[in-house]
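Accompanying notes for the structure given below.
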Protein chains: 2
Amino acid sequence: MPDPVVVLIEDEPQIRRFLRATLTGQGYRLFEATSGADGLVEVGSRQPDVVIVDLGLPDIDGIEVIRRLREWTDVPVIVLSARGQERDKVTALDAGADDYVSKPFGASELLARIRVALRHTAGASHEADEAAFKLGELQVDLLHRRVFVGEREVHLTPIEYKLLTTLVQHAGKVVTHQQLLREVWGPTHTDQAHYVRVYMAHLRHKLESEPARPRYLLTEPGVGYRLAAE
Amino acid sequence: MPDPVVVLIEDEPQIRRFLRATLTGQGYRLFEATSGADGLVEVGSRQPDVVIVDLGLPDIDGIEVIRRLREWTDVPVIVLSARGQERDKVTALDAGADDYVSKPFGASELLARIRVALRHTAGASHEADEAAFKLGELQVDLLHRRVFVGEREVHLTPIEYKLLTTLVQHAGKVVTHQQLLREVWGPTHTDQAHYVRVYMAHLRHKLESEPARPRYLLTEPGVGYRLAAE
DNA sequence: GCGGATTTTTACGCGATTTTTACGACCCAA
DNA sequence: TTGGGTCGTAAAAATCGCGTAAAAATCCGC
């Protein structure tokens, strides 16, 4: 996963400075807003993984910021507040906040609560990862790393599999020898164009019903190879 | 939605009484446990929507309770604790807790945090969250940490068990050597790939009827291992 | 501190995989 | 026609990864 993105909506400069140091030091990408209005725009444009919002903002009330966010996004919201009153907490949480931290707060606690928030969204995205490629009889299940021709499962060696998936990722488009070598063998072997031919032959024998007259793994003479598309 | 089910793991009688009144008054169905061991069983049998756990339990440490729960379920866990120390919070949250409330706490705040937890699971609702894994003769009871082959119970060492459950959690998918090392031995041992082979051999001898021709614990050459799925 | 269980090391044979080498077919331009 | 280039195929050689066993070190309960 790339570095998580955090939007911080906070008007007090010293708190911003403190959190900037803490969060960037932990590998988060931080974007700051100093008012509620700015904050709403920032969340819209940055698509963050977590939002941290202070309740005491100069323009809009923090509670109102949360309500507006909840109209269109489920991004985790952590509230920072000087008010430690119980009714403030309840109001913020019921408005849609996911957590509430009272000032003064410790950096490590806030970081831990951010990790909790990230955990939650990590689980949610897990559902949408049905990754499969189908083309005629050929079927590549990226998620389970399995390849089928019709009903029959085909075993591929690591290089064969990597080569195939590289072609799958650019299905329909031509991939040059250079690209394939770089993707499969790494940037150091960019001259052994022979490897590609040898392994393309392997793949054709395993996947094509008539390896000499390929239906899926097509040669683009002088350029590279192409995986046929619908 | 029917009334949400809550399991409370707490040894102090006065807190239990207080929460019983509060929660049942709000329409929650409450089940109580007074020790960590009881709590784990209760969560397993009641399938609650939220678990509330005190850190100071008579038998098992509350942190350990959270870890054991996280081996097989994603149910939201809210920690209650007399210790307000920051490092306690971080430990609990990183062990898998979703929220941390320090004593003394107000009823309305706790209720609000329960509502947050319920909101989270409402979205990801119907995940078939079974505490047991079955595949042919092989049967893994995550809740009680027991493993069977047919009728016979098999004893596994801690590492063997962790390795197996890691594969169970990704059943059907390939798990790379790296992942297994990180999950079982921790992020520091990410280069000793032998370990995995040695222990996979152990597991096969204990679980497979024909260790040389495994039916469950499959090798993906050059990549890692995979627990067969239906 | 003892003894058994468990984990960590070490070593090695075998088979799968990758790399290398060789060669014939084909296309196109000189 | 011919010769250099690209491509496909086959098979040999080198390498690597896997499974296995067993010894050494460590942990843990008594």
Side-chain angles (χ1 to χ4, degrees), chain A residues 145 147 153-167 174-186 188-226, chain B residues 64 145 147 153-167 174-186 188-227:
Chain A
R145 198 197 179 275
V147 177
E153 175 165 9
V154 183
H155 171 76
L156 298 185
T157 72
I159 287 195
E160 288 164 1
Y161 184 78
K162 190 81 210 304
L163 183 58
L164 179 60
T165 54
T166 304
L167 288 169
V174 184
V175 188
T176 66
H177 302 117
Q178 302 301 323
Q179 283 180 276
L180 290 171
L181 284 165
R182 198 155 9 88
E183 285 288 324
V184 179
W185 279 271
T188 52
H189 298 67
T190 180
D191 47 347
Q192 278 111 319
H194 214 64
Y195 291 5
V196 181
R197 278 187 228 107
V198 172
Y199 274 89
M200 200 59 64
H202 288 178
L203 278 182
R204 280 173 175 159
H205 269 102
K206 290 186 175 181
L207 303 179
E208 300 274 3
S209 51
E210 219 179 334
R213 228 173 296 277
R215 281 164 36 196
Y216 310 122
L217 301 163
L218 311 177
T219 303
E220 292 289 337
V223 190
Y225 293 88
R226 180 166 59 88
Chain B
E64 186 58 28
R145 298 186 151 215
V147 178
E153 175 163 10
V154 183
H155 170 77
L156 297 184
T157 72
I159 286 196
E160 288 164 2
Y161 183 78
K162 190 80 209 303
L163 183 58
L164 179 60
T165 54
T166 304
L167 288 169
V174 182
V175 189
T176 66
H177 302 117
Q178 303 300 323
Q179 284 179 274
L180 291 171
L181 285 166
R182 197 155 11 87
E183 285 287 325
V184 179
W185 281 271
T188 51
H189 297 69
T190 180
D191 47 347
Q192 277 110 322
H194 324 284
Y195 290 9
V196 181
R197 277 185 233 115
V198 172
Y199 274 88
M200 201 59 64
H202 289 176
L203 279 181
R204 280 174 176 159
H205 271 100
K206 291 186 175 182
L207 304 179
E208 300 274 3
S209 52
E210 218 180 334
R213 226 173 294 279
R215 281 164 36 196
Y216 309 122
L217 301 164
L218 310 177
T219 303
E220 291 289 335
V223 189
Y225 294 87
R226 182 162 56 87
L227 184 64

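Side-chain atoms are counted along with the backbone in the values below, which use heavy atoms only and exclude waters and symmetry mates. Letters go in sequence order (proteins before strands), and every chain restarts at 1.
- Across the protein-nucleic acid pair, B:Gln178 atom CD and D:dG17 atom P stand 12 Å apart, rounded to whole Å.
- Scanning residues 191-213 of chain A for heavy-atom distances under 4.0 Å to DNA chain C yields A:Gln192, A:His194, A:Tyr195, A:Tyr199.
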**Request:** Could you give me the CA-CA distance, side-chain angles and deciding distance for B:His177 and B:Tyr225, then say whether side chain to side chain contact (heavy atoms under 4.5 Å, CB included) is met?
**Result:** CA-CA 7 Å; B:His177 302 117; B:Tyr225 294 87; 4.0 Å; yes
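- A donor-acceptor pair is defined here as one N or O able to donate and one able to accept, closer than 3.5 Å; no such pair exists between the side chain of A:Arg226 and the backbone of A:Glu220.
- Rounding to whole angstrom units, CG of residue A:Leu180 and P of D:dC7 are separated by 12 Å.
- Taken from OG1 in B:Thr166 to CG in B:Leu227, the straight-line distance is 11.0 Å, to the nearest 0.5 Å.
- Put simply, chain A comes within 4.0 Å of DNA chain C, heavy atom to any atom, from C:dT17 to C:dA22, going 5' to 3'.
- Ring geometry, A:His189 versus A:Tyr195: the interplanar angle falls from 30° to 60°, so the pair is classed tilted.
- Projected onto DNA chain C by closest heavy-atom contact, A:His155 and B:Pro158 fall at different nucleotides, the more 5' of which corresponds to B:Pro158.
- Here the side chain of B:Glu208 pairs no donor or acceptor atom with the backbone of B:Arg213 at under 3.5 angstrom.
- Summarising the geometry, the separation between CD1 on B:Ile159 and C1' on D:dT26 is reported as 12 Å, rounded to the nearest angstrom.
- Interatomic distance, CG of A:Leu163 versus OH of A:Tyr199, reported as 9.5 Å (0.5 Å rounding).
- Here A:Tyr225 does not reach the OP1 or OP2 of D:dT6: none of its side-chain N or O atoms lies under 4.0 Å away.
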**Request:** Start with the C-alpha distance between B:Val174 and B:Leu218, add both sets of side-chain angles, then the distance that settles side chain to side chain contact (heavy atoms under 4.5 Å, CB included), and finish with yes or no.
**Result:** CA-CA 9 Å; B:Val174 182; B:Leu218 310 177; over 6 Å; no
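- Using a 4.0 Å heavy-atom criterion, one finds that A:His189 contacts no nucleic acid atom at all.
- Atom NE2 of B:His177 and atom P of D:dG17 are 9 Å apart (whole Å).
- Here the CG atom belonging to A:Leu207 is positioned 8.5 Å from the CD atom belonging to A:Glu160, to the nearest 0.5 angstrom.
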